[in-house]
Protein chains: 2
Amino acid sequence: MTRACPCLAARRRARAITRHFDAYLRPRGLRSTQFSVLAALAQRGPTGRGRLANGLGLDRTTLTRSAATLERQGWIETLEADDGRERPLALTEAGRCALNAALPAWKEALDRLDHEARGDPAAHAMPQR
Amino acid sequence: MTRACPCLAARRRARAITRHFDAYLRPRGLRSTQFSVLAALAQRGPTGRGRLANGLGLDRTTLTRSAATLERQGWIETLEADDGRERPLALTEAGRCALNAALPAWKEALDRLDHEARGDPAAHAMPQR
DNA sequence: GATGGGTAAGTGTATACACACGTATCGTCG
DNA sequence: CGACGATACGTGTGTATACACTTACCCATC
């Protein structure tokens, strides 16, 4: 009865896809979540933490911790805003470089995923070291 | 370009659905993940940790930690096996009670989710306290 | 019965996730 | 100006997740 629980299915799928993408992104030194935060900042430009978290569909406090590790890596920085309450996040140059360096790995992960979804038998190769 | 990343989409969806189910399960004192472990054990009977983790699509070591908290709650226990390497997990009576008590909340969460998916306007009520 | 390869599971570490709660700033209204 | 609600954000805590490494046990072969 609980066999078709959409919550379990969604979590299982997210875990599997995350492992897949992480395997390709790992050699570039970042994880799927970090990649998505950097990509979102690249698209939006400097963005307040709350707004960014909302756009990514995650809790604001979760983004706070993720941002802390990304800031430790030097990939993002906190800007000052007119509104003293806001602490907008922005990509640094290093962050943009890391994102660009990871893009090919992301694309390859995406391709392999598509091939697997079509049942392509030759598409189960693992990422190059 | 990265806007349609299936990894981000899957994670976002899993987070949203998890929050939804957690909101209904919280009054019963358990979380979506714990519910799925209990339900899996109820279906399978006593199961080795590796096999159970594999069935749920998560890493073996992740299940080790989840099992620790469930065991602390008294909902599952570790049996002895002929093969001394195996440490099969099994539902306790308390675990079966907790699972049964949570089933209505799980069903309601499922119903609301279905209604929302169909755009039913009256289906956005939150779980009763 | 030793030994060595294979299998089941645990531990160390780091990130991901979110609820409850607290803090600081803004804007408005008296 | 001062009080107050609203807004943006951080912290404390606990669970979830997985990789790298380690431990314990089984079995077959010598």
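Everything numeric here is computed off the predicted structure, so don't read it as measured data. So you know, we letter chains A, B, ... as the sequences are listed, proteins then strands, and number each from 1.
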* To do: Return the nearest nucleotide to the side chain of A:D83; candidates are D:dG10, D:dT15, C:dT25.
  => C:dT25
* Asked: Out of D:dG10, D:dA8, C:dA18, which has the shortest distance to the side chain of A:E86?
  -> D:dA8
* Tell me which of A:R72 and B:G48 sits closer to the 5' end of DNA chain C, going by the nucleotide each one is nearest to. => B:G48
* Asked: Considering residues, nucleotides and ligands other than B:R51, do more than 12 of their heavy atoms fall under 6.0 Å from its CZ?
  -> no
Heavy atoms, side chains only, cut-off 4.5 Å: are [X] and [Y] in contact?
| X | Y | value |
| --- | --- | --- |
| A:F21 | B:C5 | yes |
| A:P6 | B:L110 | yes |
| B:L56 | A:R11 | no |

* To do: Using side-chain contact (heavy atoms from CB on, under 4.5 Å) as the criterion, point out the one residue from B:L91, B:L63, B:L58, B:T69 that pairs with B:V37.
  => B:L63
* Could you tell me the separation between the CD atom of A:Q34 and the C1' atom of D:dA18, rounded to a whole number of Å? => 14 Å
Would you indicate what [X] reaches in the nucleic acid, counting non-hydrogen atoms under 4.0 angstrom: base, sugar-phosphate, or nothing?
| X | result |
| --- | --- |
| A:R19 | sugar-phosphate |
| B:T61 | base |
| B:R60 | base |
| A:S66 | sugar-phosphate |

Ignoring backbone atoms, establish whether [X] has a side-chain N or O less than 4.0 Å from OP1 or OP2 of [N].
| X | N | result |
| --- | --- | --- |
| A:R15 | D:dT17 | yes |
| B:R26 | C:dA18 | no |
| B:T64 | C:dA9 | no |
| A:R31 | C:dA16 | no |
| A:T62 | C:dA18 | yes |
| B:R65 | D:dT17 | no |

